[in-house]
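Everything quoted here is computed from the prediction, not taken from an experiment. In the text below, chain A, chain B and the rest are named by the order of the sequence lines, each starting its count at 1.
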There are 2 protein chains.
Amino acid sequence: MATGRNHRPATRSRGIPEATVARLPLYLRALTALSERSVPTVSSEELAAAAGVNSAKLRKDFSYLGSYGTRGVGYDVEYLVYQISRELGLTQDWPVVIVGIGNLGAALANYGGFASRGFRVAALIDADPAMAGKPVAGIAVQHTDELESIISDNGVSIGVIATPAGAAQQVCERLVAAGVTSILNFAPTVLSVPDGVDVRKVDLSIELQILAFHEQRKAGEEAEAAASRKGPDGDMPAVMPA
Amino acid sequence: MATGRNHRPATRSRGIPEATVARLPLYLRALTALSERSVPTVSSEELAAAAGVNSAKLRKDFSYLGSYGTRGVGYDVEYLVYQISRELGLTQDWPVVIVGIGNLGAALANYGGFASRGFRVAALIDADPAMAGKPVAGIAVQHTDELESIISDNGVSIGVIATPAGAAQQVCERLVAAGVTSILNFAPTVLSVPDGVDVRKVDLSIELQILAFHEQRKAGEEAEAAASRKGPDGDMPAVMPA
DNA sequence: ATGTCTTTGTGAACGCGTGCACAAAGATGG
DNA sequence: CCATCTTTGTGCACGCGTTCACAAAGACAT
């Protein structure tokens, strides 16, 4: 993935493949939606369609967690929600700090998807003294000087970096020194961290560049196909309006 | 990727592996930094360190593009910047529309990483009539009604969806019907699109959940190691109270 | 021109992830 | 209790991606 997969060499954590872990939140979201509609059970086929994956893959993914399905019936929605939540560690409360309260940081602070999944924004931190005390998403921004005490007072182990690229590595080092062991990095930089610290990267510009590559390829193939009336391979799909 | 990889079944586009394409922007960024420091050449070892990857992987990646290096010396920075830019399609101008100008949409509009890489924000679109005309990042927001005409007038082929989850699929369908063939989706939903349309997904909540999983595992291993000095089987994780 | 030294480019092996296809398991009806 | 039908769980094969290790290639000094 977006990104940013590949942050671990090849560590298979407790038998659950990394690729499976990355899909569990996807299943969880689909299951939560079913739960809200009071659907009691769901088959692997239905759930796979809702999550946008192959049903065999989904069944294999679940098989790593245990045998939670009933043959001939499917999976119990509520039970599965609980099991996946537990496996992902979402049954406990994760205090999170966001460093860098610019446009992106503010957007993250306001993002509803955090609170609903066991994540609690413990603090917003910015280096600009003018920001200190200003409320963003109902939380007063604190100055970078407070970083270390905030982390240790709240027992924060997950940090989000939304600073400019130039500040990211330094912020990262302070976070790690203060006890943070998982970092979600939005700054367009490669962070270097000691062993035992997980980093996941989200890079908006990179995603767009990948799209541009495919877009260019499509345009190229099109021109190519238009030029030669007789294409040897006919794998160009007709674009159907949804 | 994060993120969000795996949006294509297994299509190897024009001989260049998908995994390689995803890393090209990373190399490009490192090379651009070197270029700004007027470094003339760089070895695969140095560049790999700057990009945070294995040097053998980097060389193999470049080998898909051609033989652009000089043995005994390394790679010419400027030349490589050009070649990768061309391969990614960044030598041309890509007009982009952003739909959904909330916190996140505004952050994206203000994000500097777009303009510097051949992407031009052609329009900001929001469904709220109260937003229409309001300038965000120096561009006046336009109403959703204008969506189709904006797309066709500007020849937009890349769209960014930053709407709430409920609106995403509908917006997506309108974008596709109007001619967009690449979509970057920030809404927490699985978009269904016709063949020929690329979708990349960035999901903030999913990234955090993956971090939480590893965080929990780290905490579990720690507790396990502390509790049992010599455990016979170590596959049963101690369930920690929430 | 020749030898040495550095660094690229790649052949080959390995491991992970994916998807097919099917047997095992349980529900359901008679 | 038995037959049938649905759906899970998984053995297996295949392909992609990663990494090692080394031969080929060029720079540079003598």
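- The CG-P distance, from B:L58 to D:dT19, rounds to 12 Å in whole Å.
- When the nucleotides C:dT18, D:dT10, C:dG9 are ranked by their closest atom to the side chain of A:S63, D:dT10 comes out on top.
- Between D:dC20 and B:N54, a contact under 4.0 Å exists linking OP1 or OP2 to a side-chain N or O.
- Rounded to whole Å, atom P of D:dT8 lies 13 Å from atom OH of A:Y27.
- For A:R59, whose side chain is taken as the heavy atoms from C-beta onward, the closest listed nucleotide among C:dA21, D:dT19, C:dG19 is C:dA21.
- Taking 4.0 angstrom as the limit, B:S43 places none of its side-chain polar atoms (N or O) nearer than this to OP1 or OP2 of C:dT7.
- The phosphate of C:dT10 (OP1 or OP2) has no side-chain N or O of B:K60 nearer than 4.0 angstrom.
- Defined by atom type and a distance below 3.5 Å, a donor-acceptor pair is present between the side-chain atoms of B:R59 and B:S44.
- Nearest nucleotide to the side chain of A:A56, out of C:dG9, C:dT18, C:dA21: C:dA21.
- Backbone-only contact: B:Y75 has heavy atoms under 4.0 Å from sugar-phosphate atoms and none from a base.
- Inter-residue side-chain proximity for A:L28 and A:L90 is flagged as met; some heavy-atom pair is nearer than 4.5 Å.
- A heavy-atom distance below 4.5 Å is found between the side chains of B:V53 and B:R23.
- In this structure, B:L65 atom CG and C:dT10 atom C1' are separated by 15 Å, rounded to whole Å.
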Fill in the blank from the handout: With B for base contact, S for sugar-phosphate-only contact and - for none (protein heavy atoms under 4.0 Å), nucleotides 24-30 of chain D reads BBSS---

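- Rounded to a whole Å, the CG atom of B:D61 is 11 Å from the P atom of D:dT19.
- Spacing between atom NZ of A:K57 and atom C1' of D:dG9 amounts to 17 Å, rounded to whole angstrom units.
- Taking the six-membered ring wherever Trp is involved, the centroid distance between the rings of B:Y82 and B:Y79 does not fall below 6.0 Å.
- Here B:Y75 and B:Y68 keep their ring centres 6.0 angstrom or further from each other.
- Going from atom CG of A:L47 over to atom P of D:dG9 covers 12 Å, rounded to whole Å.
- Distances shorter than 4.0 Å separate none of the side-chain N or O atoms of A:S44 from OP1 or OP2 on D:dT7.
- Here the P atom of nucleotide C:dT18 and the OH atom of A:Y64 are 9 Å apart, to the nearest Å.
- Side-chain atoms of A:T41 and A:D76 include no donor-acceptor pair closer than 3.5 Å.
- B:S35 and B:E78 are linked by a side-chain donor-acceptor pair at a separation below 3.5 angstrom, with hydrogens and angles left out of the test.
- Atoms CZ (A:F62) and P (C:dT18) sit 14 Å apart, rounded to a whole Å.
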